[in-house]
Amino acid sequence: MSDVLSSYPLLLRGAWVTIQLTLYGSALALVMAFVFGLIATARSAWLRALGRIYVEFFRGTATLVLMYWFFYALPLVGARFAPMFAAVLALGLNVGAYGAEVVRGAVKAVPKAQYEATVALNMRPGQRLRRVLLPQAIALMLPPFGNLLIELMKGSAVVSLISIADLMLRAQQLRQSTGQTTAVFLVILVMYFVIAQVLQLFVRYLERRADIMLGRRPGRSARSPLDTRLGAAK
Amino acid sequence: MATTDSAADAVLPEDGAAGTDGIRFDGVVKRFGDNVVLRELDFSVAAGERVTLIGPSGSGKTTILRLLMTLEKVDDGVIWVDGRSLSHMRRGDRLVPADEKYLRRVRSDIGMVFQQFNLFPNMSVLRNVTEAPVHVLGLSKDEAVERARELLELVGLSDKADAHPGALSGGQQQRVAIARALAMRPKILLQDEVTSALDPELVAGVLDVLRDIANETDITMLCVTHEMGFARDVSNRVLMFDQGQIVEEGTPEKIFSEPENQRTQDFLHAVLDQH
Ligand SMILES: Nc1ncnc2c1ncn2[C@@H]1O[C@H](COP(=O)(O)OP(=O)(O)O)[C@@H](O)[C@H]1O
Ligand SMILES: [Mg+2]
């Protein structure tokens with residue numbers, strides 16, 4: 001066990017790569033989720049079809065296979081990607097497809113009456129979305145987005161198969177050099193768990209912010225009943 | 001019309017007075033599937049007039065208001081608002097289906113208060129009232145806030161400006177919704193059973209606000225309501241609906257005191273029994 005623990009710089013470097021993959025991958029996934037999720041709610045049937053194609057294609061392909069395509073297959077036809085780039089692309093496109101479904105579902109789940117109020121106030125279609133529908137929809141997206149974020153982080157372990165030195169690959173190397181399989185896997189189990197908890201805390205924080213925005217818990221955005229009463233007494 | 005520019009129109013509704021001729025339904029047909037809700041409906045509301053729609057549930061009253069708010073489309077016939085059709089616009093010398101840009105110009109004259117208030121939960125009370133004036137009418141933030149505070153005072157909620165809509169009672173929410181609609185300076189205010197969702201003790205407060213607005217402005221009002229006392233106080237004319245058609249119309253005195261049509265009599269008895 002001490003062999004394993006004394007190699008912690010190696011594992012920390014691996015963890016850092018895993019974190020970077022998670023950040024870049026989820027940033028790409030977020031962009032894809034919003035672009036294709038919103039397209040799927042568009043009035044134009046062509047746009048909606050485009051949204052469906054993206055979702056069905058990238059949801060139906062394993063991240064690993066996608067990554068092999070970017071790393072091994074596409075270079076054969078002349079498109080060469082750095083391993084990290086191929087990995088981020090595969091993770092982001094795959095998780096983005098699930099995210100697009102989340103975005104579409106959340107926008108559809110905002111009560112129709114809210115849309116009707118925006119029409120009655122003569123808002124432009126873009127304003128309806130940006131000022132009323134999306135802020136309410138994002139509150140609905142956060143819990144499923146939290147799950148996807150953690151899925152992406154855990155799923156990033158497949159990048160070790162194209163020799164990216166993430167936490168998983170470092171663990172394999174350490175296992176070979178020390179022979180301490182149990183200890184190594186116990187340590188990385190804990191490390192993956194800790195990263196997941198930090199991500200979860202971040203999402204919880206966002207959920208709390210959204211609750212305050214929607215008035216579901218007291219916060220700075222709306223004054224507390226006591227303040228209002230004091231204000232009224234003046 | 002003094003101007004045809006939509007932004008100027010919306011900010012200065014009073015200026016268009018010469019061209020205003022209110023609302024006109026011309027052979028309007030509305031179907032939902034096989035259900036014919038409005039059959040060749042004709043009626044008009046003059047500018048500045050206050051008209052109340054009464055009639056049994058399912059007779060198409062809400063549908064009329066939703067058609068006017070462009071939340072639904074007619075299947076046949078034409079609805080005219082201030083001389084403009086809600087379904088078609090002129091392109092060259094042809095009539096083509098109205099596009100969003102045209103509809104936004106027509107809508108700028110019309111406001112609506114909904115049965116369920118429909119305030120935006122992601123904004124404070126004040127921002128509910130300033131959001132559209134700032135982003136749709138192009139008012140400066142300061143102007144919009146000043147106007148919103150005046151309107152909140154008018155509806156008796158000055159102290160709730162920073163509150164969250166969810167923290168208000170139904171009656172207070174509905175009064176905010178009225179302020180929000182008025183902030184857009186509509187020429188026409190549509191009201192769909194605005195007190196039906198309220199606890200009985202909150203109804204009077206909302207109706208008082210609407211009475212004030214009726215007394216102090218010359219906004220055209222088309223109200224669907226079961227509050228017969230309110231209808232008697234504010235309206236110039238009452239239209240009794242049944243099965244998608246007007247079965248009787250007249251002054252509130254005539255309709256409420258000596259209705260001629262059997263269905264009007266039955267309906268009024270039923271409503272009065274409930275209260
Ligand atoms: N969106 C809709 N889809 C299908 N049917 C509808 C819809 N809106 C209204 N209807 C039908 O139209 C008729 C009139 O409804 P409505 O205008 O709400 O009546 P009222 O407001 O007088 O109670 C009812 O039979 C109702 O079921
Ligand atoms: Mg109704």
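Hydrogens, waters and symmetry mates play no part in the numbers below; they use all other heavy atoms, side chains included. In the text below, chain A, chain B and the rest are named by the order of the sequence lines, each starting its count at 1.
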Problem - Under 4.5 Å from a heavy atom of chain A, the part of Leu190(B) involved - result: neither
Problem - Val136(B) vs Gln127(A) side-chain heavy atoms within contact, under 4.5 Å - result: yes
Handout entry: side-chain hydrogen bond (donor to acceptor under 3.5 Å, both in side chains) involving Arg127(B) - partner list, sequence neighbours excluded
Key = Glu131(B)
Practice task
Please indicate whether Tyr68(A) has more than 12 foreign heavy atoms, meaning atoms of other residues, nucleotides or ligands, lying under 6.0 Å from its OH.
Solution key: yes
Practice task
Mind checking side chain to side chain contact (heavy atoms under 4.5 Å, CB included) for Asp199(B) and listing every partner two or more places apart, or none if nothing turns up?
Solution key: Glu201(B), Leu202(B)
Handout entry: Contacting moiety of Leu71(B), where chain A heavy atoms sit under 4.5 Å
Key = side chain
Exercise for the section: Answer yes or no: does atom CG of Asp218(B) have more than 12 heavy-atom neighbours from other residues, nucleotides or ligands under 6.0 Å? Expected result: no
Problem - Heavy-atom contact with chain A under 4.5 Å, split by part of Arg66(B) - result: side chain
Exercise for the section: Measure Phe114(B) against the heavy atoms of chain A and call it side chain, backbone, both or neither at under 4.5 Å. Expected result: side chain
Exercise for the section: Verify, without hydrogens or angle tests, whether His164(B) (side chain) and Arg216(A) (backbone) share a donor-acceptor contact under 3.5 angstrom. Expected result: no
Practice task
Assess whether atom CD of Glu100(B) is packed by more than 12 heavy atoms of other residues, nucleotides or ligands within 6.0 Å.
Solution key: yes
Handout entry: Part of Arg128(A) lying under 4.5 Å from any heavy atom of chain B
Key = side chain
Fill in the blank from the handout: Residue pairs passing the side chain to side chain donor-acceptor pair (under 3.5 Å) test with at least one member in residues 188-197 of chain B, sequence neighbours excluded, are Thr62(B)-Asp192(B), Glu193(B)-Ser196(B)
Practice task
Could you list which of residues 90-120 of chain A have a heavy atom closer than 4.5 Å to any heavy atom of chain B, in residue-number order?
Solution key: Ala113(A), Gln114(A), Glu116(A), Ala117(A), Thr118(A), Val119(A), Ala120(A)
Handout entry: Partner of Leu121(A) under side-chain contact (heavy atoms from CB on, under 4.5 Å), chosen from His135(B), Met112(B), Met184(B)
Key = Met184(B)
Problem - Euclidean distance, Phe120(B) CZ relative to Arg131(A) CZ, rounded to 0.5 Å - result: 11.0 Å
Problem - Flag, side chain of Asn122(A) to backbone of Ala132(B), donor-acceptor distance under 3.5 Å - result: no
